[in-house]
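Note sheet for the following structure.
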2 protein chains.
Amino acid sequence: MSTAEPEATTEVNGSLPQQRRTYSIGELARMFEVTPRTIRFYEQEGLLAPERRGQTRIYHEKDRVRLKLTLRGKRLGFSLAEIREVIEMYDAMPDGNARQLKRLLEILADKRSNMERQLEDIRLMQRELDDVEMRARDVLARLAKE
Amino acid sequence: MSTAEPEATTEVNGSLPQQRRTYSIGELARMFEVTPRTIRFYEQEGLLAPERRGQTRIYHEKDRVRLKLTLRGKRLGFSLAEIREVIEMYDAMPDGNARQLKRLLEILADKRSNMERQLEDIRLMQRELDDVEMRARDVLARLAKE
DNA sequence: CAAGCACTTTACGTTAACGTCAACGTCGTC
DNA sequence: GACGACGTTGACGTTAACGTAAAGTGCTTG
């Protein structure tokens with residue numbers, strides 16, 4: 001359906017420059033298990049900017065990728081505002097000035113240390129879980145013996 | 001409400017059974033960089049149950065550990081309700097029935113798969129960050145040359 | 001052509017996790 | 001004995017991230 005623009009195929013698209021697919025909001029919602037409302041909300045928050053055919057939104061690969069990254073960010077506890085900030089800077093990169101770029105690098109470093117902490121948290125939490133599970137199994141075993 | 005039990009020193013307390021320290025709400029707040037309000041809120045939500053000396057709350061090591069685990073859980077994106085659920089089951093373990101224990105194991109398994117996903121998310125996100133950072137540095141370098 | 005389905009906007013509602021403020025009690029100390 | 005630091009309990013406010021309901025548009029299908 002897409003009005004067929006030349007389109008810069010400079011995508012991160014591994015090796016399949018085709019796939020001229022587009023998605024409706026419903027399709028996208030189902031494939032990521034969110035509601036259309038959520039997707040519209042993300043647009044309103046500046047995280048997505050789908051094409052429009054009249055009233056109707058038309059999503060391309062680029063939008064799908066963004067949504068995917070957004071949801072991943074969310075699972076990692078980033079707020080939509082934070083995610084948007086990164087996205088905006090990323091988009092502005094080509095003609096970004098030095099100050100902006102350095103700011104971006106700062107943000108990235110920040111996210112990075114955040115991840116490091118999360119990794120540590122996960123390791124610690126996994127140990128806790130191991131511990132609790134062991135005890136629970138112990139008690140269960142003891143119950144079984146009586 | 002256990003009124004002074006002998007206390008099972010089976011704590012995860014590495015090797016220092018002493019340290020009979022207690023903390024005021026303010027101390028605890030400062031050490032974890034949260035507000036007293038937050039700590040009271042956690043109590044209201046059933047995550048903490050400090051001793052009382054008159055009106056005043058007195059926190060022991062046990063409470064401090066709980067708070068630490070709670071905050072860690074939060075950083076990993078768990079809701080206070082989820083955290084409470086685990087804490088409650090953990091406390092109920094000694095005399096827990098089989099059904100409860102199995103439920104606990106289920107929950108733990110669930111948290112575990114959650115962590116696995118987070119680990120994967122973190123790896124993917126780190127790659128994205130690497131990628132974005134590289135591009136940003138590229139642009140910066142190009143800017144410097146002109 | 002009516003029905004149904006997917007999409008749209010507008011707008012108010014909801015929940016979690018606190019923040020903020022008022023009004024008060026209790027120390028230690030200057 | 002007034003003051004300041006810290007603690008307490010309400011109670012209402014706030015923000016993020018959607019949910020939900022109303023009311024309308026547009027296609028296509030029997």
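Quick note: numbers below take in every heavy atom, side chains included, and nothing from hydrogens, waters or symmetry partners. Residue numbers start from 1 in every chain, and the chains themselves are labelled A, B, ... in the order their sequence lines are given, proteins ahead of strands.
- At the phosphate of C/dC7, neither OP1 nor OP2 sits under 4.0 Å from any side-chain N or O atom of A/Arg57.
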Mind running salt bridge (Lys or Arg N to Asp or Glu O under 4.0 Å) on B/Asp130 and A/Arg112 for me, showing each step along the way?
CA-CA 10 Å; B/Asp130 286 345; A/Arg112 242 175 246 285; 2.9 Å; yes

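- In this structure, the CD atom of B/Glu82 is 14 Å from the C1' atom of C/dA17, given to the nearest Å.
- At the phosphate of C/dT20, neither OP1 nor OP2 sits under 4.0 Å from any side-chain N or O atom of B/Arg37.
- Note: CD (B/Gln44) to P (C/dG19) measures 13 Å, nearest angstrom.
- In this structure, B/Thr38 reaches the C/dG19 phosphate: one of its side-chain N or O atoms is under 4.0 Å from OP1 or OP2.
- Atom-to-atom, CZ of B/Phe41 to P of C/dA16 comes out at 9 Å; the value is rounded to the nearest Å.
- The separation between B/Leu28 atom CG and D/dT8 atom P is 11 Å, rounded to whole Å.
- Phosphate contact (OP1/OP2 of C/dC18, side-chain N/O of B/Thr35, threshold under 4.0 Å): absent.
- Rounded to whole Å, the distance from CD on A/Glu45 to C1' on D/dT15 is 11 Å.
- The heavy-atom pair separating A/Ile83 from A/Lys74 by the smallest distance is CD1-N, 3.9 Å.
- Shown here for B/Thr35 and B/Ala29, the closest heavy-atom pair between the two residues is C-CB, 4.0 Å.
- Between the CZ atom of A/Arg84 and the C1' atom of D/dA16 there is a distance of 12 Å, rounded to whole Å.
- Separation of atoms CZ (A/Arg72) and CD (B/Glu120) is listed at 8.0 Å; rounding is to 0.5 Å.
- Regarding contacts with the backbone of C/dC7, a side-chain N or O of A/Ser24 is found under 4.0 angstrom from either OP1 or OP2.
- In this structure, B/Arg75 CZ and A/Asp121 CG are separated by 4.0 Å, a value rounded to the nearest 0.5 Å.
- Within 4.0 Å (heavy atoms only), A/Arg52 reaches sugar-phosphate atoms of the nucleic acid but no base atom.
- Nucleic acid contact for B/Arg40: base, since at least one base atom lies under 4.0 Å from a heavy atom of the residue.
- Between A/Glu27 atom CD and C/dC5 atom C1' there is a gap of 14 Å when expressed in whole angstrom units.
- As a whole-Å value, the separation of B/Leu80 CG from D/dA16 P is 18 Å.
- Two residues, A/Lys74 and B/Thr56, neighbour DNA chain D, and the one matched to the more 5' nucleotide by heavy-atom proximity is B/Thr56.
- Taking side-chain N and O atoms only, B/Tyr42 has no distance below 4.0 Å to OP1 or OP2 of C/dA17.
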